Asks: 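One structure, pasted below without further comment.
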Amino acid sequence: MMEKKSFLFIILLAVLLGCFFQFSRMDGFLLLDCRSNHKDMSTYYGEEVAWPQENYVIIYDDRDVASVLLEHHLGDILEKQHKAHQSINLQETVSLTPETCQGVLVATPALGRLPLLPEILSYAEAGGTVALLAAPEGSVPPELLAAAGVTSLSPTMETSKGLSVQTDFLAGAKDFHIDADEGNFENRGRQLSLSDEAQVDIRMGDGTPLVWQHPYGQGKLLSVNSMIRADGLNVGLYAEAVAHCGETGLYPVLGLKLFYIDDFPAPVSVQASPKLEQEYHLSVRDFYRQVWWPYMRQLAEDYDLHYTGTVIETYNKRTGPDFYQEADSQGRNDLIVYGRELLKMDGELAVHGYNHRPLVLAGDVPDEAMVDYQVWPSQQEEEASLSELKRYIADAYPGYKIKAYVPPGNMLGKSGYAAVHNVFPDLEAISSIYYGAPGTGAYYQDFSENPDGTMTLPRGSAGYGGDPDTIYDQINLINYVGVFSHFVQPDEILYPENADVSWQDMAAGLKGFLTQMQTRYPWLEPATVSDAADRLRDMLHMEYRVQRHDDYLEIACWNYRYAPKFIVHSKRAIRGADGAKAVQVGADSWLVTMQEPQAKLWLAD
């Protein structure tokens, strides 16, 4: 009897083990563990108030291309900050009072041709802020120089490299500097000296004041001694110039940090790497698994990062007509193993491409940009390749919605844009790059919403190094919209330009970069790209108004789903808050997170 029971037990155990291994072989456990990336944030909060919207006046010269561009970019900044503005030409007039105008933004270097100069100075004397946002050309009226605190001014423009941040004018950037011989920051302005009453916020590399504020009557003048543009990687400087108008200024931010891993998960090169074999005695595949990926996982834990991985199915160079899964199944295994681990780390899978061919047709980008690539014959082939990629991912992660796309080579044509949307209807975001050299064919983006509802969330920097230029790029994006956005690629250790750089040096460089950003901006929260897209959409559609009182600042918000966040600048400390949480993030800067649709920020005496 006991033998019969033992025999039945063995049979049952064998059946159970067989089911277990068959279930595992068919990726059954993967299906059980496939995490949903569906979320519901459909409740809107707040009620509209009838308070007046903050208003600015921009003065520009419609005959000067640089001035027109500056006016355009300032308008974009104000729109993103939900502030109204009126742009007037140099020769026009307008009524100016501190009660109806938060700031006058002078977007022209022609300071000697300002018919409104008496009205501008009267406005500042009565308590308004006048921001001179371009280095002056030619002669400047003595009364304007005195009002700006300038005691001497050189007759010509000079070029200076480097900069040094003296205050928290750029939130979180105090004591940051770029030495003249180590970075690419270059400014063209005029040599000058200032009165003792002037507060210098940023200096050029040679010590010349770049940004300063000077009291005038009950108001002030804010000056930017520069010919740099207000877009690109100096956008945060101009966003803060707007925010520093008045005694208290504020603007909405996302408060997020994004970290992308391009080409991951993706097939790993089967070619040997003499460098890795010499340094670690490991193949490329084993280096990824035993060294690089454990480092990246620890990095995510130490710096609270939620990775967005961008999937590639194959590195073949096909652009049609047929697309297929490579015979080697190791790529799919890597997608399952690395993808599952990434998702368990609160990460996200985005798509990069079937292969690493940018989705562009002939003529979409300059020929020199495609030296290393082939153009696609038509949108039909682009869609066919993406359909194969979609099948490939769905086979491993059924039910997982792809919500983000990162274009290979940071290039994307109109047909490619349409192809991505046709194949991935749940797409919420496209992430390319924010700024770079013109004429490269790159798909540059701003933090905005496309007409079709998808969000553009560009990356601001890349790589394992943390050089001063990279840090300055991120400081500007954070001061612009409150976003840190960076990406790396697993195979950068194999790049020819890194032939003499060890993995230890690269790993230390990235840790040093993240340490500095974490130290300066501990208030940034981790997010994946689709999370950030939803929050960006919310911030752009949210509305708010501000009322200023003697002892407190009152904020009312409506049409939002996520708690709005603001950077608030105030010379008077925020001593308490009702309906919001206020955390000091700089000498005169606070991060304010709304806890109710209306809040009061109490100001110290």
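Here the structure is a predicted model, which is why all the values come from computation and not from measurement.
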Asks: For residues 329-350, which residue pairs pass the ring pair (Phe, Tyr, Trp, His ring centres under 6.0 Å) check, not counting sequence neighbours?
Replies: Phe264-Tyr338, Trp293-Tyr338
Asks: Can I get a per-line list of side-chain donor-acceptor pairs under 3.5 Å for residues 350-359, giving both atom names and the distance, sequence neighbours left out?
Replies:
residue	atom	partner	partner atom	Å
His352	ND1	Val406	O	2.6
His352	NE2	Asp263	OD1	3.0
Tyr354	OH	Asn316	ND2	3.0
Tyr354	OH	Tyr324	N	3.3
Tyr354	OH	Tyr324	O	2.9
Asn355	OD1	Arg357	N	3.1
Asn355	ND2	Asn316	O	3.2
Asn355	ND2	Asn316	OD1	3.3
Asn355	ND2	Arg318	O	2.8

Asks: Return each pair, listed once, that meets ring pair (Phe, Tyr, Trp, His ring centres under 6.0 Å) where at least one residue sits in residues 436-456; pairs must be two or more places apart or across chains.
Replies: none
Asks: Taking atom types as modelled, is there a side-chain donor on Thr528 or Glu348 under 3.5 Å from an acceptor on the other?
Replies: yes
Asks: Answer with yes or no whether the side chains of Asp446 and Tyr480 bring together a donor and an acceptor at under 3.5 Å.
Replies: yes
Asks: Assign the ring pair Tyr544 / His82 to parallel, tilted or perpendicular, where the plane angle (0 to 90°) is split at 30° and 60°.
Replies: perpendicular
Asks: Are Asn476 and Tyr434 linked by a side-chain donor-acceptor pair shorter than 3.5 Å?
Replies: no
Asks: Compute the centroid of each ring, for Phe424 and then for Tyr405, and state whether the two points are separated by less than 6.0 Å.
Replies: no
Asks: Ala462: what forms a side-chain contact (heavy atoms from CB on, under 4.5 Å) with it, not counting sequence neighbours?
Replies: Phe487
Asks: What I want to check is whether the side chains of Glu326 and Tyr315 have a donor and an acceptor closer together than 3.5 Å.
Replies: no
Asks: Please determine, by modelled atom types, if Gln290 and Tyr280 share a side-chain donor-acceptor pair under 3.5 angstrom.
Replies: no
Asks: Under the salt bridge (charged side-chain N to carboxylate O under 4.0 Å, His left out) definition, can you give me all pairs with a residue in residues 456-476, not counting sequence neighbours?
Replies: Asp262-Arg459
Asks: Taking the side chain as every heavy atom from C-beta outward, state whether Met517 and Ile471 have any atom pair closer than 4.5 Å.
Replies: yes
Asks: Enumerate the salt bridge (charged side-chain N to carboxylate O under 4.0 Å, His left out) contacts for residues 374-385, please, sequence neighbours excluded, ordered by first and then second residue.
Replies: none
Asks: Can you spot which of Tyr495, Trp292, Trp503, Tyr295 makes a ring-ring contact (aromatic ring centres under 6.0 Å, His included) with Tyr464?
Replies: Trp503
Asks: Do NZ/NE/NH1/NH2 and the carboxylate oxygens of Arg391 and Glu388 come within less than 4.0 Å?
Replies: yes
